[in-house]
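The figures here come from the full heavy-atom set of this structure, side chains too, leaving out hydrogens, waters and symmetry mates. Count residues from 1 along the sequence.
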Amino acid sequence: MKTLSENASFGGKQIVLSHASAACSCDMTFSVFLPEEAKDGPVPVLWFLSGLTCTHENAMTKAGAQAWAAEQGIALVYPDTSPRGDDVADDEAYDFGKGAGFYVNATQEPWREHYQMYDYIAHELPEFLAENFPLDMSRQAISGHSMGGHGALTLAMTLPGRFRSVSAFAPIANPTASDWGRKQFLGYLGNNEDNWRAHDATLLMQEKGFDGPILIDQGTEDQFLDLLKPEALAAAIAARRQPATFRMQKGYDHSYFFISTFMEDHVAFHAEALYSD
């Protein structure tokens, strides 16, 4: 583990680190915010998964979550969105390859050597965090934006019992029916669409649901609404009678201005679940 930076933030510490990842066969970078309470013992954890083209840094610097996490005594974890390095396969398109790992385990060449983002987020990074930081891994929640909202929802529903709550900002809600999904799943997972189902929040909602509270915010002026397909996930939530809050926020787009506006709500939502007995 190598510390790349460490800054005081709202009484706690914002740290950026890199480590050798066995899952992704490369060095991975992530950031963690530790509130002041972490000096005295383990604190609950809120994960935030970022979207297309992002790294660990975008939400860390733009979402404004540290202030609200400090108030609640919650740690924040911001992973990267894909493997990195000169020998890692890439694509010239912004929505495929580096920065677009889609939180899946690739099975197809040339992606499968490094693009094991599901295993990295679900297994390797949590184990690494538990070994190196004062985090209460029995109290975890997860959130994300766009591709990261897709990742947060699918991880929450495929890892029952792991997360006490899940939220999303403008998630890619039905990727098997969208160009933000079909292209990537075909490339990473191959042409057997049955293998795609475990990475579609709408289909998982229909089949599994989530044993906990859900909060989703979607801007009405989001320029990517046709790709995100929020109506499909909303219908699946209603059909399943899943406890959830799905808010269409008038006038908001897909940007971090939207995320930062409602971040306080999301951190408070997760804090309620994380501190419940």
Side-chain angles (χ1 to χ4, degrees), residues 4-10 12-18 28-35 43-72 74-84 94-95 98-103 117 120-122 125-126 129 133 135 140-156 163 165-173 180 201 215-219 222-224 228 249 252-271 274:
L4 302 179
S5 65
E6 183 174 319
N7 300 93
S9 178
F10 296 98
K13 292 182 179 180
Q14 179 66 64
I15 311 169
V16 178
L17 308 107
S18 67
M28 294 293 289
T29 301
F30 69 94
S31 63
V32 58
F33 169 75
L34 296 174
V43 294
V45 185
L46 173 58
W47 295 74
F48 190 93
L49 307 185
S50 291
L52 289 167
T53 75
C54 292
T55 69
H56 68 281
E57 187 175 20
N58 295 74
M60 180 186 80
T61 58
K62 297 179 181 179
Q66 291 91 336
W68 313 119
E71 282 192 5
Q72 302 287 355
I74 294 171
L76 301 168
V77 175
Y78 304 99
D80 203 345
T81 57
S82 78
R84 307 281 175 174
Y94 78 94
D95 59 353
K98 292 180 185 178
F102 259 77
Y103 305 102
M117 288 301 295
Y120 178 68
I121 301 295
L125 187 53
L129 290 167
F133 297 95
L135 303 177
Q140 296 185 67
I142 191 165
S143 184
H145 170 231
S146 194
M147 180 185 74
H150 139 79
L153 290 164
T154 56
L155 281 156
F163 301 106
S165 52
V166 59
S167 74
F169 297 87
I172 301 175
W180 272 1
L215 172 61
I216 298 171
D217 276 318
Q218 172 63 63
D222 193 314
Q223 58 271 47
F224 303 113
L228 300 173
Q249 300 290 3
Y252 286 89
D253 59 16
H254 201 70
S255 71
Y256 271 91
F257 295 109
F258 161 59
I259 297 170
S260 61
T261 298
F262 299 103
M263 182 56 74
E264 180 183 8
D265 291 355
H266 283 244
V267 174
F269 163 79
H270 290 296
L274 289 168

So do Pro79 and Leu125 actually touch side chain to side chain, heavy atoms under 4.5 Å? yes
Does Ser255 form a side-chain hydrogen bond (donor to acceptor under 3.5 Å, both in side chains) with Asp253? I'd like the steps, not just the answer. CA-CA 6 Å; Ser255 71; Asp253 59 16; 2.7 Å; yes
Students often mix this up, so state it plainly: with edges at 30° and 60°, are the rings of Trp180 and Phe224 parallel, tilted or perpendicular? tilted
Once the angle between the rings of Phe169 and Phe48 is folded into 0 to 90°, is it parallel (under 30°), tilted (30 to 60°) or perpendicular (over 60°)? tilted
Rounding to 0.5 Å, atoms CG (Asp265) and OG (Ser167) come to a distance of 10.0 Å
Exercise: identify the closest heavy-atom pair between Lys98 and Pro83: CG-O, 3.9 Å
What verdict does the side-chain hydrogen bond (donor to acceptor under 3.5 Å, both in side chains) test give for Asp80 and His56, after you've listed the backbone C-alpha separation in whole Å, the side-chain angles of each residue and the deciding distance to 0.1 Å? CA-CA 4 Å; Asp80 203 345; His56 68 281; 5.2 Å; no
Taking the side chain as every heavy atom from C-beta outward, state whether Ile121 and Trp47 have any pair of such atoms under 4.5 Å apart. yes
May I ask you to test the Val43-Pro35 pair for a side-chain heavy-atom distance under 4.5 Å? yes
Would you confirm whether Ser82, through its side chain, and Gly101, through its main-chain N or O, come within 3.5 Å as a donor-acceptor pair? no
I'd like to check Leu17 versus Ser31 (side-chain heavy atoms, cut-off strictly below 4.5 Å). Are they in contact? no
Ring centres under 6.0 angstrom apart (Tyr256, His145): yes
Between Tyr252 and Phe262, how do the two ring planes meet: parallel, tilted or perpendicular, split at 30° and 60°? perpendicular
So, do Thr29 and Thr55 sit near enough that their side-chain heavy atoms are less than 4.5 Å apart? no
Does CZ in Phe257 sit with more than 12 non-hydrogen atoms of other residues, nucleotides or ligands closer than 6.0 Å? no
For Leu49 and Gly151, which heavy atoms make the closest approach, and how far apart are they? CD1-C, 3.7 Å
Please determine whether side chain to side chain contact (heavy atoms under 4.5 Å, CB included) holds for the pair Ile172 and Ser146, giving the CA-CA distance in whole Å, both sets of side-chain angles, and the decisive distance to 0.1 Å. CA-CA 5 Å; Ile172 301 175; Ser146 194; 4.2 Å; yes
Can you name the nearest heavy-atom pair linking Ala122 to Leu155, along with the distance? CB-CD2, 4.0 Å
Between CD1 of Ile259 and NZ of Lys62, what distance do you get to the nearest 0.5 Å? 9.0 Å
What closest approach, in Å, do Ala75 and Leu135 show between heavy atoms, and which atom pair accounts for it? CB-CD2, 3.5 Å
Report the residue from His270, Gln140, His266 that forms a side chain to side chain donor-acceptor pair (under 3.5 Å) with Ser165. His270
Can you find a heavy atom in the side chain of Val77 that is under 4.5 Å from one in the side chain of Leu46? no
Is there side-chain contact between Ile15 and Ser5, with at least one heavy-atom pair below 4.5 Å? no
So Val45 and Ile74, do their side chains get closer than 4.5 Å, heavy atoms only? no
Decide side chain to side chain contact (heavy atoms under 4.5 Å, CB included) for Tyr78 and Val16; before the verdict, give the C-alpha distance in whole Å, the side-chain angles of both, and the deciding distance to 0.1 Å. CA-CA 9 Å; Tyr78 304 99; Val16 178; over 6 Å; no
Exercise: identify the closest heavy-atom pair between Leu52 and Ala100: CD2-CB, 3.5 Å
Smallest separation among heavy atoms of Ala168 and Leu153, with atom names: CB-CD1, 4.2 Å
Decide if the gap between the ring center of Phe33 and the ring center of Phe10 is smaller than 6.0 angstrom. no
Is a donor on one side and an acceptor on the other found under 3.5 Å between the side chain of Ser50 and the backbone of Gly148? no
Go through the steps for Gln72 and Val267 under the test side chain to side chain contact (heavy atoms under 4.5 Å, CB included), then give the verdict. CA-CA 8 Å; Gln72 302 287 355; Val267 174; 4.0 Å; yes
Quick check for you: to the nearest 0.5 Å, what is the distance between Trp68 atom CH2 and Leu76 atom CG? 13.0 Å
Between Gln14 and Gln66, do the side chains contain a donor N or O and an acceptor N or O under 3.5 Å apart? yes
Approximate separation, where rounding is to 0.5 Å, of Lys13 NZ and Glu6 CD: 4.5 Å
Start with the C-alpha distance between Asp222 and Phe258, add both sets of side-chain angles, then the distance that settles side chain to side chain contact (heavy atoms under 4.5 Å, CB included), and finish with yes or no. CA-CA 10 Å; Asp222 193 314; Phe258 161 59; 5.6 Å; no
